[in-house]
There are 2 protein chains.
Amino acid sequence: MLWERAREPHAHRWSLPGGELRVDEDVESSIRRQLAEKVDVRQLSHVEQLAVFSAPDRVPGPRVVATAFLGLVPSDVDPEVPSDTMWHCVDELPAMAFDHASIVGRARHRLGSKLSYTNLGFALAPPEFTISLLRDHYSAALGYRVSATNLQRVLSRRLLLEPTGGTAPPGPSGGRPAALFRFSAKGIKVTDPFAVLRPPGSGRPAGGVATP
Amino acid sequence: MLWERAREPHAHRWSLPGGELRVDEDVESSIRRQLAEKVDVRQLSHVEQLAVFSAPDRVPGPRVVATAFLGLVPSDVDPEVPSDTMWHCVDELPAMAFDHASIVGRARHRLGSKLSYTNLGFALAPPEFTISLLRDHYSAALGYRVSATNLQRVLSRRLLLEPTGGTAPPGPSGGRPAALFRFSAKGIKVTDPFAVLRPPGSGRPAGGVATP
DNA sequence: CCACGTTTTCGACCAATAGGCGAAAACCCC
DNA sequence: GGGGTTTTCGCCTATTGGTCGAAAACGTGG
């Protein structure tokens, strides 16, 4: 989500939403406030620090240090945004202001990486979803095709999928109705990493380098 | 590595090395400068941003925002440090100033996580090392025992170990002399992550959720 | 100098996970 | 009801990680 700068420097170029840190808030509160106040985005399913961008000349004029965040919104919510703000496809980004293009690059890389070893994928989907929808999100974020069969099996083995019992109506071209699932938080927060190196006694025999 | 604060606030408590960001440097240059100037640590095998700590009351007095880093030094180098500075075992840390204890906690967590899906383990070891040494580093960083057999096989399969041909002399209690290895950087930087989700066409059939 | 303990190394075997494929199920439209 | 479409499920294979035990290579003490 980008908004078009009205003033110099870099007028008419697109930039990431953000703003100045107040003295009475931390950086996460700040970015949540900016998103809520300026573009009315409040239903963030995931927020995490990305990195600090601090090159002395990243912005013309006085030095500005930015703490960049990766924020995700479920694909079913479509927040009202002001007229100077627009959602863009990450594959077709316009010219961006300052170093914001590299920030987006870092965010994409981080999202792609974390999809494999965390539960972050669920932050992209609505509370109830079909495997096909989830696969489409994974494919979009990763940039290559993902098999629904495998995705379902892998996530099921990790005890992350819980069938709701309901089904989604098939599309206009027919097809078997898809089963609906929800994210099964068995004591695991959405953003927790899997135990890639299993701690002693946990139930993940394969995957990692450990020998408890 | 901590140094003991001489002045209030939090006098006599231990704190992480650091200092103020100058206007002509970015945060990584800054932390490298601080480490070089103040404690003469220059041979960092790995430096990465950890997180921004920005709670308004994290430091008494005027607001201070800190960008915390994780920095690693190979286990064979032992830099000269000033008299008020000391290396501490992470399992026996003294009372620390400000929020530095939580920073260390985050660093430990990050290191432990990244050991499994990156090559970061090599940043802990000297250029030539035995599997036992590497295992000890892994065990220390992870907090539980790691099998040398497994470690060698896993890293070998990932093409990260390259035998130097030499051997290390056995210890005072005898034993077969250990073979020496070096990190085999086949175009891969020490800190690069493994391809946990393999991009299409790469040679990593198992591990991950993808189906290219 | 030869048995003994020690440490490392290697091979064999097992368990668990991921990927591929095809068939069956359940739906639409004509 | 037949053909096309989409989802789901079950087999099979490949690769990885974990365990175990034996063999190799060393120092030491009798």
Side-chain angles (χ1 to χ4, degrees), chain A residues 115-117 129-136 138-139 142 144-161 163-181 194-212, chain B residues 115-117 129-136 138-139 142 144-161 163-181 194-212:
Chain A
L115 277 183
S116 63
Y117 64 92
F129 51 86
T130 67
I131 298 294
S132 296
L133 177 73
L134 202 60
R135 179 202 50 185
D136 290 343
Y138 270 78
S139 299
L142 291 170
Y144 55 85
R145 254 141 302 281
V146 169
S147 140
T149 297
N150 233 342
L151 187 62
Q152 174 168 18
R153 184 183 33 225
V154 169
L155 296 178
S156 295
R157 263 206 283 248
R158 290 173 182 172
L159 298 177
L160 297 176
L161 284 181
T164 69
T167 58
S173 62
R176 174 172 174 169
L180 285 172
F181 293 85
F194 302 130
V196 273
L197 275 184
R198 70 162 161 162
S202 87
R204 193 148 185 286
V209 92
T211 306
Chain B
L115 278 183
S116 62
Y117 63 92
F129 51 85
T130 66
I131 299 293
S132 298
L133 178 73
L134 202 60
R135 179 202 49 187
D136 291 342
Y138 270 80
S139 299
L142 291 170
Y144 52 89
R145 255 139 301 282
V146 169
S147 139
T149 296
N150 232 341
L151 187 61
Q152 175 167 15
R153 186 187 30 227
V154 169
L155 296 178
S156 294
R157 266 206 282 246
R158 290 173 182 170
L159 298 177
L160 296 176
L161 284 181
T164 68
T167 57
S173 62
R176 174 171 175 169
L180 285 172
F181 294 85
F194 302 129
V196 273
L197 276 183
R198 70 163 161 163
S202 88
R204 191 147 187 287
V209 92
T211 306

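Chain letters run A, B, ... following the sequence lines, proteins first and then strands; every chain starts at 1. None of these values were measured; they are calculated from a predicted model.
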Evaluate B:T130 against B:L180 for side-chain contact (heavy atoms from CB on, under 4.5 Å), listing each step before the verdict.
CA-CA 5 Å; B:T130 66; B:L180 285 172; 3.8 Å; yes
Expressed as a whole number of angstroms, how long is the span from [X]:[atom1] to [N]:[atom2]?
{"X": "B:L180", "N": "C:dT8", "atom1": "CG", "atom2": "P", "value": "12 Å"}
{"X": "A:N150", "N": "C:dG22", "atom1": "CG", "atom2": "P", "value": "16 Å"}
{"X": "A:F181", "N": "D:dT7", "atom1": "CZ", "atom2": "C1'", "value": "10 Å"}
{"X": "B:Q152", "N": "C:dT8", "atom1": "CD", "atom2": "P", "value": "11 Å"}
{"X": "B:F129", "N": "C:dT8", "atom1": "CZ", "atom2": "P", "value": "15 Å"}
{"X": "A:L142", "N": "C:dA18", "atom1": "CG", "atom2": "P", "value": "15 Å"}
{"X": "A:R145", "N": "C:dG20", "atom1": "CZ", "atom2": "P", "value": "13 Å"}
{"X": "B:L115", "N": "D:dG17", "atom1": "CG", "atom2": "P", "value": "15 Å"}

With a 4.0 Å cut-off on heavy atoms, is A:S132 in touch with a base, just the backbone sugar-phosphate, or nothing at all?
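Sugar-phosphate: the residue A:S132, judged by heavy atoms under 4.0 Å, touches backbone atoms but no base.
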By the 4.0 Å heavy-atom rule, please label A:T130 as base, sugar-phosphate, or nothing.
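Touches nothing.
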Taking all non-hydrogen atoms of both residues into account, name the closest pair between A:P170 and A:G175 and its distance.
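For A:P170 and A:G175, the tightest heavy-atom pair comes out as CB-O, 3.1 Å.
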Nearest heavy-atom neighbours spanning B:R135 and B:A148
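Looks like CD-N, 3.7 Å.
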Pairs under 3.5 angstrom, nitrogen or oxygen only, protein versus nucleotides 26-28 of chain D, please.
residue: D:dC26; atom: O2; partner: B:G175; partner atom: N; Å: 3.1

Rounded to the nearest 0.5 Å, how far does [atom2] of [Y] lie from [atom1] of [X]?
{"X": "B:S156", "Y": "B:L159", "atom1": "OG", "atom2": "CG", "answer": "8.5 Å"}
{"X": "A:N150", "Y": "A:Y138", "atom1": "CG", "atom2": "OH", "answer": "12.0 Å"}
{"X": "B:I131", "Y": "B:L161", "atom1": "CD1", "atom2": "CG", "answer": "5.0 Å"}

To the side chain of [X], which of [options] is closest?
{"X": "B:V154", "options": "C:dT9, D:dG17, D:dT8", "result": "D:dG17"}
{"X": "B:R153", "options": "D:dG18, C:dA18, D:dT8", "result": "D:dG18"}
{"X": "A:R135", "options": "D:dG17, C:dT9, D:dT7", "result": "D:dT7"}

Given C:dA18, is OP1 or OP2 found less than 4.0 Å from the side-chain N or O atoms of A:R158?
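Yes, A:R158 has a side-chain N/O under 4.0 Å of OP1/OP2 on C:dA18.
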Give a yes or no on whether a donor-acceptor pair under 3.5 Å exists between the nucleobase atoms of C:dA18, that is its base, and the side chain of A:R157.
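Yes, a donor-acceptor pair under 3.5 Å.
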My understanding is that only residues two or more places apart in sequence, or in another chain, count here; which of them pass ring-ring contact (aromatic ring centres under 6.0 Å, His included) with B:F181?
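B:F181 satisfies ring-ring contact (aromatic ring centres under 6.0 Å, His included) with no other residue.
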